[in-house]
Amino acid sequence: MASSHIGQSGSGVPPASSEYAEPRDGTTQREAPATQASGAPAATGYGALARIRSQEPLSFARFSLTARILIVNILPLALLSGGLFYLDTYRTQLIDERFKLARIEAQITAEALAGTTRERQEALLVQIGREQGMRMRMFDPDGVLIADSFALADPVFEFDDISDDTWEQRLARWLDRTVDTIVSAEAVTDYVEPEAQEADEWPELARARQTGLSQVRLYDWRDGTPVITAAAPVGLNGATLLTVRNAVDITERVREARTTLVAAVMLVLVASALLSLFLARTIVAPLQQLAAAAQRVRQGRERDVEVPRLPERSDEIGRLARSVSDMTQGLRLRIDAVDSFAADVAHEIKNPLASLRSAIESLPMVEDENLRRELQQIATHDVRRIDRLVTEISDASRIDSEMSRAKLEKIDLADLVRAIIGSRKHRAGDAGHRIELEARGFAAEVLGVGTRLERVVENLLDNAISFSPADAPIEVGIENDGECVTLAVCDRGPGIALDAREKVFQRFHSDRPDAEDFGNHSGLGLAIARAIAEAHDGALVAEGRPDGERGACLRLRIPAAV
């Protein structure tokens, strides 16, 4: 191994990775750490549906899937990692205690050896070594070995010969090394007996001889057990004492703690596996139901599909189920709307086409010039009517897509209406009708698309003018209450019956004034206006006049710009 640990005597508790010096005044001073092991790391929508929020009792399903997955899977890993660092700290604490013990033992023994006879010194080395389970050696001032407790009496311990270790012991050592790697434990020098039994062969002894201070050092035996040596000066003549202890019990206690930790982790892993299966069941089963429902919708059988809403769940799966259910219902409504619109388009275009076809087929057979001219006028009228229908239908079908891409701007609705009224003063269709504008409240600013809001105002004015008697004024009122801007266009026509106030917004609705020529309107104007209003998060409704007089009032409401 790459480095060693030496501790010098003092009152402080030395970590295994640092050296300590004990000044003669008894204070403790930390020196630079020993060499570190190489490479060791430092420490809104169209036809939107109402949302359903279900209430449920407190249960595991109330937690989000993310939280559940994290809880189930991180818990054993956190326990394992925390246990590894705990074991490393536990081992360090044990070694620190042994450092203190080894230093005290060496100092006390050195004091006991000083000033006694050789025979008494040898007897003390044997006795203390046997009682404390250490090997004790004494060197003279020249560094020559003069007494060895293992030579004077039977050894009180033997280093393990790893060549005949069982697989359990080899596995234990491998686990020790793995844990040290995970926690980035500092490497420790292997313990090797010097060939020459001289004091200078031991770094701790050499340092003790030079400084006159006790030294403590940590080694590592081949079986992974720590070896703690302590060197202390004996008397004042330069003799030194070296104690060696193979602290096998530290490794055994750490391994016992690790076994307990592994058992706890295995228990948590079993519980985690069971919880994971439960979690998978709570996720997979509803997802399979949703997938089956989505597959049937994809196959065109959405009318037969009842998408589960899972009201008892408030987590991501529950929200997904309700979103898919709402999406499916919205898809059904959209398909119904498209089917109905296609049928209405076919019906509306078929009538002028039939009239056009009849006029064209009759022309070659008619010789009367007046009748021919009348048939030509009918054909021209039908062509214009078809062109107007196609234009209106195209415009109506593009509203949703255009509004989804449009950039909303702040628009003063009062200024927009004034500009539109000014542009209509000389329009032939408005002859005799006076448009009166009254704006109240705050500035009528809204967020929207100017061209589309202009289309709404034009359609509302066209509708009011077509139903109003000649010379009757069209009253336009704009009001901003701070939250909503309201545009009201009121006429003095026949008004709209209560049961027909929603029908007027249906596509191709054809309740027109008796005096109006047939086919001059497509029946899409108010439907387009409402679609534009809803695309601006607003609303368009038909009401009676607020003064109670005869006539209708179409009221547009759009959120005020903030």
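Counting from 1, the numbers follow the sequence of the chain as shown.
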Would the number of heavy atoms belonging to other residues, nucleotides or ligands and lying under 6.0 Å from CD of E131 be above 12?
-> yes
Output for pair (T243 OG1, E204 CD), nearest 0.5 Å, gives 9.0 Å
In terms of heavy-atom contacts, R130 and V156 come closest through CA-CG1, 3.5 Å
Hey, is CD on E483 packed in by over 12 heavy atoms from elsewhere, all under 6.0 Å?
-> no
Report yes if the side chains of L453 and I558 come closer than 4.5 Å at any heavy-atom pair, otherwise no.
-> yes
Could you walk me through whether D223 and Q169 pass the side-chain contact (heavy atoms from CB on, under 4.5 Å) check?
-> CA-CA 9 Å; D223 64 353; Q169 292 172 315; over 6 Å; no
Residue pairs involving residues 246-255 (criterion salt bridge (Lys or Arg N to Asp or Glu O under 4.0 Å); sequence neighbours excluded) | R98-D249, D176-R255
Salt bridge (Lys or Arg N to Asp or Glu O under 4.0 Å) pairs touching residues 132-155, sequence neighbours excluded, are R135-D148, R135-E193, R137-E193
Separation of I146 CD1 from M138 CE (nearest 0.5 Å) = 4.5 Å
Could you give all pairs that pass the salt bridge (Lys or Arg N to Asp or Glu O under 4.0 Å) test and reach residues 229-246, with sequence neighbours left out?
-> E105-R245
Tell me, yes or no, whether the heavy-atom count around E409 atom CD, taken from other residues, nucleotides or ligands under 6.0 Å, exceeds 12.
-> no
Determine the minimum heavy-atom distance between T225 and T251, stating which atoms define it.
-> CA-OG1, 3.4 Å
Side chains of L125 and L241 in contact at under 4.5 Å (non-hydrogen atoms) = yes
Nearest heavy-atom pair of P559 and V446: which atoms, and what distance?
-> O-CG1, 3.7 Å
Any chance you could measure W202, atom CH2, to F139, atom CZ, to the nearest 0.5 Å?
-> 7.0 Å
Do I532 and H536 touch side chain to side chain, with heavy atoms closer than 4.5 Å?
-> yes
What pair of heavy atoms forms the shortest contact from G212 to P233, and how long is it?
-> O-CG, 3.5 Å
Contact check, side chains of V244 and Y191, non-hydrogen atoms, under 4.5 Å | yes
